[in-house]
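Step one of this worksheet: look at the structure below.
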Amino acid sequence: MTSLANKIQDVFNEPGCDKNQGKSDKERKKGCTKQLQPGAAAGGCAFDGAKIALQPITDVAHLVHGPIACEGNSWDNRGAKSSGSQLYRTGFTTDINETDVIFGGEKRLFKAIKEIIDKYDPPAVFVYQTCVPAMIGDDIGAVCKAAAAKFNKPVIPVISPGFVGPKNLGNKLAGEAILDHVIGTMEPEYTTPYDVNIIGEYNLSGELWQVKPLFDELGIRILSCISGDAKYKEVAWSHRAKASMMVCSKAMINVARKMEERYDIPFFEGSFYGIEDTSDSLREIARLLIEKGAPAELMERTEAVIAREEALAWKSIEPYRARLAGKRVLLITGGVKSWSVVAALQEAGCEIVGTSVKKSTKEDKEKIKELMGQDAHMIDDMTPREMYKMLKDARADIMLSGGRSQFISLKAKMPWLDINQERHHAYMGYVGMAELVKEIDKALYNPVWEQARRAAPWETKPSEMFSEPEPELAAPTALAAE
Amino acid sequence: MATVQKPKKACTVNPLKMSQPMGGAMAMMGVQNCMPMLHGSQGCTSFGLVLLVRHFREAIPLQTTAMSEVATVLGGLDNVEQAVLNIVKRAKPSIIGICSTGVTETKGDDVEGFIRLIRDRHPELSGVEMVYVSTPDFKDAFQDGWGKTVAKLIQDLTPERAKGAPRDMSRLNILVGCHLTPGDIDELRGIVEDFGLTPVFLPDLSGSLDGHIPDDFTPTTLGGTSLSEIATLGEAGVTLVIGEQMRAAAETLESKTGTPFVLFDRLTGLAPNDDLISFLAKTSGREVPAKYRKQRGQLVDAMLDGHFFFGGKRIAIGAEPDLLWNMAGWLTDLGAVIATAVTTTESPLLAKLPVETVLIGDLEDLEERAKDCDLLITHSHGRQAAERLHIPFFRAGVPMFDRLGAGHETSIGYRASRNLIFEIGNLFIVNAHEPDPDSWRTDHGAAAHTRPETSSEPARMEAL
């Protein structure tokens, strides 16, 4: 456990993060997330975070060492898509029982690795530590080492048991696992001056494929995406890229920063959510590649693609702008991507009446202020009851959030759109922005709202029974006019 | 009679089983104004929450003691105390239902002791019930957690009753297993009320997870069995028990209050529903309403129409013991053959299943053994297996996250049994193989006798 404690301290000291560097030593030691509140906590654990970060690697076996809860209650529930192997969607777990808890689960783990290699022969096995084996002292690092030697195959320990912290910490510990055991262990067949890594992108709903065609057109090769639609070998040779783009904010900043330190791969933080963000990111990729030796004409070609794509995107959004103008959006996300989504929604003419900043950095908050003005309504911690009330009182026309809060919106009979990782629509890049606008329009103008808000005829007073529905029960537009 | 096989593998692949505390928490969701809570790391709750949200498409009340590594080692008293105080402040529940997890059981937290200490320190909590159930993740399965929780609710909340105290013979307790949906409970309520009896369900998910739209937002459960209903379970004339997993709960109630029980291990198909209706008629002293005489006729007719399609069909089922028993039972009644059965945990029913062997295993086992089957029945996680096997797939059990209306799937009573025959029968019809000139050709030139039932169906239909 001491090595894990050291690892955690290591990721809590992040030179790549301004907020972290602004802290005193003592503050830094406490970590970057608020203490969890028993009885008022929501959100996943460190194991969940590690699994989210690495499970998108498609061709490896992801083996969870723990009781049935950790994998049995959660497998095949994430939306990362694969262009090839489906092995990442197979649930592997040691499902340890009472006897294992008493006598130790290392033998079972070793046997499990063997069974997987015998039956599925993946290029690597990732072994995830969970709370119970961590407590009883199963040394999964040693088991992985022994198994790797015996079966001549990479067996990667991902040491991120749930109780060490929240999801975000798990993302980083997963990053450490691949930094320690995967990245730099293989060599690509060839390299080009146009090789990039995309770090912290999980290809949810196939979003990566919304921007990959642009990369292809520009001749930029995604040498490795960590970890969306990735193959094991791609992650293993990612150290040969010329530049990295870090998406999803700070989740995997340690990977980007350490790859810069170790392999001299410069990185920038960018986003493919929103038209302008996408353009900025493409420009930044081109700039870094040119800096590292790619021909300067890449920038001209990039600008040409940007100009064409922006024009197309605006054109596809145009028909919706009038319909969405002034629509008030309540945006409850994990927080990290708040500002990029804010920009995107403003492009569509929406008004953001509130956005969550629970997990946002100071920088993120500044960006939100820049976009929404000084009186931006930033919500630090909104209880479900408050969200419900805000919607019920029609102070917002639609809520964009993750799946767990959707019913708050739906029970208030207000439109809702999923923008979290389990969502079924892809919203990245220029085409994704158009898709998001289309989905918001579809949600807002669906005829169900008017019907759902109408009371049963016998619940209104007899005299009104056959008259028009009351104005506040009518359409979202009527609500907006109040 | 079946042989029960235990798993020999070290690695579970594509789990069929879900963990015990999840079953416990879901049972708590059938109690009114309750906040269920898992005593463990916050991930234990988060996974369960996402799972049930996706299954029911409803907001799910479920809290956590958010145990950190240090708290786990030192013991969880402070976390349980803080959690209880926070929940009471924010959600004002009548009852907090606490289930343990793998982490806190490995440490050996004495939660009953914690509750006593918390009560001593906070007399202001006197109006809030706290019920604790031991449900380690590394033992048993979902339905066990459910059964234990209901037994514990009765143990803690139903007072003992003197022998010979008068009973309200019009009142009927119904203890329901987790294989029943909110839709099933509503169906059963209707049937019981038609006999003039007043049912009290425990747990009652039909109030809390049936998808109705409330007027205000509540952070706790909506509907469900009220505490006063649980407290007066002992006054009912008799307890109807649905599912073997509820036996312990029924026995607890009987030993505390003397309320006798009648256990139905399944309620899909003709014979078990004949037994149910006879039981209700006898208990209520009423004639069987015309409605049920008619429904019975319709079920018999559906069985006659459907048996052509079910006869000889080979079926693979992966389900928890009670659901497996129910499914295997009514499918066998229609002439189908249960070729493969995989389940999650021990049950006295397993040895009685109409199969050769039943395996306590996973979906990889089910997939391997279902290769020559005509239908796969399991929960939504079977979707990948069904795709690879190219056989029709019928979803049953929890979770059912890739279909609408999981909470309203109904399988009990004459009417739902009839509809189930249609639903699965239609799957067979849609997937029937059309014969072609090579259907009966074999390498050695003789006609094959492999699958006569599939190809002869159209001919039999015409003959009718």
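These numbers come from the heavy atoms of this one structure, side chains and all, not from hydrogens, waters or symmetry mates. By convention in this document, chain letters (A, B, ...) are assigned in the order of the sequence lines, proteins followed by strands, and residues within each chain are numbered from 1.
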ask   = Taking atom OG1 of A:T93 and atom CH2 of A:W75, what is their separation to the nearest 0.5 Å?
value = 11.5 Å
key: Positive for side-chain hydrogen bond (donor to acceptor under 3.5 Å, both in side chains) with B:T344, one of B:K17, B:Q143, B:E320   =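 Of B:K17, B:Q143, B:E320, side-chain hydrogen bond (donor to acceptor under 3.5 Å, both in side chains) with B:T344 is met by B:E320 alone.
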Give, as side chain, backbone, both or neither, the part of [X] having an atom under 4.5 angstrom from any heavy atom of chain A.
{"X": "B:T106", "value": "both"}
{"X": "B:E105", "value": "neither"}
{"X": "B:I96", "value": "neither"}
{"X": "B:M18", "value": "both"}
{"X": "B:K139", "value": "side chain"}
{"X": "B:K89", "value": "neither"}
{"X": "B:Q82", "value": "both"}

Residue, of [options], that accumulates the most heavy atom pairs under 4.5 Å with chain A:
{"options": "B:I87, B:N14, B:T65", "result": "B:N14"}
{"options": "B:A10, B:S41, B:P7, B:A71", "result": "B:A10"}
{"options": "B:A141, B:G102, B:G43, B:C11", "result": "B:C11"}
{"options": "B:T12, B:D137, B:N86", "result": "B:T12"}
{"options": "B:L52, B:D362, B:T72, B:V73", "result": "B:T72"}
{"options": "B:V70, B:V13, B:T101, B:D140", "result": "B:V13"}

ask   = Can you say whether the rings of A:F92 and A:Y120 are parallel (under 30°), tilted (30 to 60°) or perpendicular (over 60°)?
value =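 Rings of A:F92 and A:Y120: perpendicular, over 60°.
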Which one of [options] has the most heavy-atom pairs closer than 4.5 Å to chain B?
{"options": "A:I102, A:L63, A:V132, A:V64", "value": "A:V132"}
{"options": "A:G165, A:G91, A:C45", "value": "A:G91"}
{"options": "A:T90, A:I68, A:I136", "value": "A:I68"}

remark   = In B:R369, B:K9, B:R388, the residue satisfying salt bridge (charged side-chain N to carboxylate O under 4.0 Å, His left out) with B:E364 is B:K9
Whether [X] side chain and [Y] backbone form a donor-acceptor pair below 3.5 Å:
{"X": "B:N79", "Y": "B:G76", "answer": "no"}
{"X": "A:S85", "Y": "A:T58", "answer": "yes"}
{"X": "B:H39", "Y": "B:C99", "answer": "no"}
{"X": "A:N73", "Y": "B:S19", "answer": "yes"}
{"X": "B:T220", "Y": "B:M35", "answer": "no"}

ask   = Judged by modelled atom types alone, do B:N33 and B:S94 share a side-chain donor-acceptor pair under 3.5 Å?
value =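 Indeed, the side chains of B:N33 and B:S94 share at least one donor-acceptor pair under 3.5 Å.
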inquiry  = Between A:H62 and A:Y128, do the side chains contain a donor N or O and an acceptor N or O under 3.5 Å apart?
reply    = yes
key: Close approach to chain B in residues 94-101 of chain A, criterion heavy atom under 4.5 Å   = A:T94, A:D95, A:I96, A:N97, A:E98, A:V101
query = If contact means a heavy atom pair closer than 4.5 Å, which residues of residues 109-118 of chain A contact chain B?
reply = A:K111, A:A112, A:E115, A:I116
query = When you look at NZ of A:K389, are more than 12 heavy atoms from neighbouring residues, nucleotides or ligands closer to it than 6.0 Å?
reply =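 It does not: A:K389 NZ has 12 such atoms or fewer within range.
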ask   = Does NZ belonging to A:K119 count more than 12 external heavy atoms closer than 6.0 Å?
value =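 Yes - once you tally the heavy atoms of other residues, nucleotides and ligands closer than 6.0 Å, there are more than 12.
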key: With sequence neighbours excluded, residues passing side-chain hydrogen bond (donor to acceptor under 3.5 Å, both in side chains) with B:K6   = B:E346
query = Can you check whether B:H381 and B:F401 have ring centres sitting under 6.0 Å from each other?
reply =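 Yes, they do, as the ring centres are separated by less than 6.0 Å.
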query = Could you give all pairs that pass the salt bridge (charged side-chain N to carboxylate O under 4.0 Å, His left out) test and reach residues 66-76 of chain A, with sequence neighbours left out?
reply = A:K51-A:E71, A:D76-A:R89, A:D76-B:R383
message = Go through it in stages, so that I can follow the logic: the residues are B:Y132 and B:F114, the test is ring-ring contact (aromatic ring centres under 6.0 Å, His included), and I'd like the CA-CA distance, side-chain angles, deciding distance and then a yes or no.
response = CA-CA 10 Å; B:Y132 167 72; B:F114 294 173; 8.8 Å; no
